[in-house]
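See below for the structure under consideration.
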Amino acid sequence: MPQGSSHLPHRVTVIVDEGTNPFEVGVATELFGLPRPELGLPGPLYEVTLCAPAPEIRMNHGFFTLTGVRGLDAVDRADTLVVPGRPDNVVPRAPAVLDAIRRAHARGARIMSFCTGTFALAEAGLLDGRRAATHWRWADSLRRLHPKVLLEPDVLFVDEGDLLTAAGSAAALDLGLYVWRRDHGAEIANHVSRRLVFAAHRDGGQRQFVERPVPDVRDESLAPLLEWAQERLGEPLTVAHLAARARVSPATLHRRFRAQLGTTPLAWLTGERVALACRLIERGEERLDVVAARSGLGTAANLRNRLRRVTGLSPSAYRRRFGAGAGEALVS
């Protein structure tokens with residue numbers, strides 16, 4: 001759906017099962033259920049409905065009980081179905097829940113799972129021969145219980161088109177922002193991420209496990225370096241430049257990026273440049289050589305290659321879908 005579209009909101013339905021993790025339900029409602037007047041659009045882009053197989057559902061370890069939500073018939077009108085995780089993955093899901101998931105998939109709805117919600121998709125038979133992610137702690141269990149699933153054991157999320165799986169509760173935020181970006185472009189996704197105070201773009205292929213998120217002794221946070229680099233993406237920055245700015249060797253910088261961000265300096269830099277190129281196209285810049293230069297991607301050919309690799313779209317197709325001409329402009 002393009003920016004400013006007059007279409008009805010995209011309907012997101014969240015299945016809450018016995019033992020569901022309430023954090024992941026909260027992630028879904030925070031991502032897709034809140035009013036977003038800051039976008040300056042005539043109406044909401046998503047509409048969220050919670051549903052459950054019973055009128056009263058005890059969530060994770062009985063800490064919460066959910067009542068007053070729709071029954072599983074709500075799945076039959078979902079454009080996207082979200083399946084959160086739960087800790088008791090060896091306990092079979094209720095047949096009604098699995099039937100609802102299968103029904104939604106057969107109808108063509110997009111299916112998203114968060115964390116161990118992957119087990120529910122696998123139990124429903126949707127992931128046989130398909131790539132998927134789940135929390136590293138339960139990777140061995142998934143392999144044992146569902147050997148036909150092509151598990152990606154060390155990534156944040158996997159996009160298989162109609163099936164999207166996030167590795168953990170926090171990775172659900174990454175996947176949700178990825179969906180915002182896929183549906184509505186980088187500019188709108190950036191607004192949503194700022195409101196969440198969360199990283200706007202972490203590629204799905206980044207590692208799940210961050211080795212040392214909090215420095216042991218002195219502050220070695222990459223935040224000042226990242227902010228400095230983001231202001232200079234159009235300059236001929238290299239990993240060597242980043243290392244010199246941080247006053248460390250390239251090898252040390254590489255270790256810090258791996259430990260704190262789960263990616264490499266070059267991959268981060270490239271991702272930031274592609275995100276900037278997307279925003280420039282969305283804001284109306286039509287000259288590819290200008291977009292390539294201002295984003296630091298160098299040439300129009302490199303821009304085309306990188307944009308297609310990240311978004312699956314050519315620059316012209318991206319402009320048609322998300323550019324200023326696709327709908328009303330954002331309010332800054």
Checklist entry - Under the side-chain contact (heavy atoms from CB on, under 4.5 Å) criterion, do T49 and R11 qualify, and how do the steps go? => result CA-CA 8 Å; T49 300; R11 294 169 297 196; over 6 Å; no
Can you tell whether the side chains of [X] and [Y] come within less than 4.0 Å, N to carboxylate O?
| X | Y | answer |
| --- | --- | --- |
| R131 | E152 | yes |
| R287 | E285 | yes |
| R93 | D99 | no |
| D17 | R86 | yes |

Item to check | From CA spacing to verdict: side-chain contact (heavy atoms from CB on, under 4.5 Å), I15, I101 | outcome: CA-CA 9 Å; I15 284 189; I101 294 171; 4.0 Å; yes
[X] [atom1] to [Y] [atom2] distance, which is reported to the nearest 0.5 Å:
| X | Y | atom1 | atom2 | value |
| --- | --- | --- | --- | --- |
| W138 | T118 | CH2 | OG1 | 11.5 Å |
| F157 | D174 | CZ | CG | 6.5 Å |
| M112 | F32 | CE | CZ | 4.5 Å |
| L175 | D159 | CG | CG | 8.0 Å |
| R308 | L313 | CZ | CG | 7.5 Å |
| I111 | R102 | CD1 | CZ | 12.0 Å |

For [X] and [Y], work out which heavy atoms get closest and say how close.
| X | Y | answer |
| --- | --- | --- |
| L72 | C51 | CD2-SG, 4.0 Å |
| A229 | L237 | O-CD1, 3.8 Å |
| T13 | A78 | OG1-CB, 3.3 Å |
| V48 | A28 | CG2-O, 4.4 Å |
| F23 | A170 | CE2-N, 4.4 Å |
| R279 | N190 | CD-ND2, 4.3 Å |

Item to check | Sequence neighbours excluded - salt bridge (charged side-chain N to carboxylate O under 4.0 Å, His left out) pairs with any residue from residues 231-241 | outcome: none
Do [X] and [Y] have side-chain heavy atoms sitting under 4.5 Å apart?
| X | Y | value |
| --- | --- | --- |
| V239 | L269 | no |
| L41 | I188 | yes |
| Y46 | D79 | no |
| R182 | R110 | yes |
| T134 | T165 | no |
| V155 | V158 | yes |
| L45 | L39 | yes |
| F119 | L127 | no |

Next on the checklist: Can you confirm whether more than 12 heavy atoms, excluding those of R130, are under 6.0 Å from its CZ atom?
Outcome noted: yes
Checklist entry - Does the side chain of S316 pick up a donor-acceptor pair with the side chain of R319 at under 3.5 Å? => result no
Checklist entry - Do you see a donor-acceptor pair shorter than 3.5 Å between the side chains of D183 and H10? => result no
Item to check | Partner of V25 by side chain to side chain contact (heavy atoms under 4.5 Å, CB included), out of N60, L66, V16, V82 | outcome: V16
Checklist outcome for this item: Which of N89, V97, L98 passes side chain to side chain contact (heavy atoms under 4.5 Å, CB included) with E123? Answer is L98
Item to check | Worked check of side-chain contact (heavy atoms from CB on, under 4.5 Å) between T116 and N21 | outcome: CA-CA 10 Å; T116 57; N21 185 345; over 6 Å; no
Item to check | Residue pair D76, R103: steps toward the salt bridge (charged side-chain N to carboxylate O under 4.0 Å, His left out) verdict | outcome: CA-CA 7 Å; D76 296 325; R103 200 164 65 240; 2.6 Å; yes
Checklist entry - What do the steps show when you test R255 against T252 for side chain to side chain donor-acceptor pair (under 3.5 Å), and what is the final call? => result CA-CA 5 Å; R255 286 194 297 271; T252 297; 3.0 Å; yes
Checklist entry - Using the ring of each side chain (for Trp, its six-membered ring), is H184 parallel, tilted or perpendicular to W180, with breaks at 30° and 60°? => result tilted
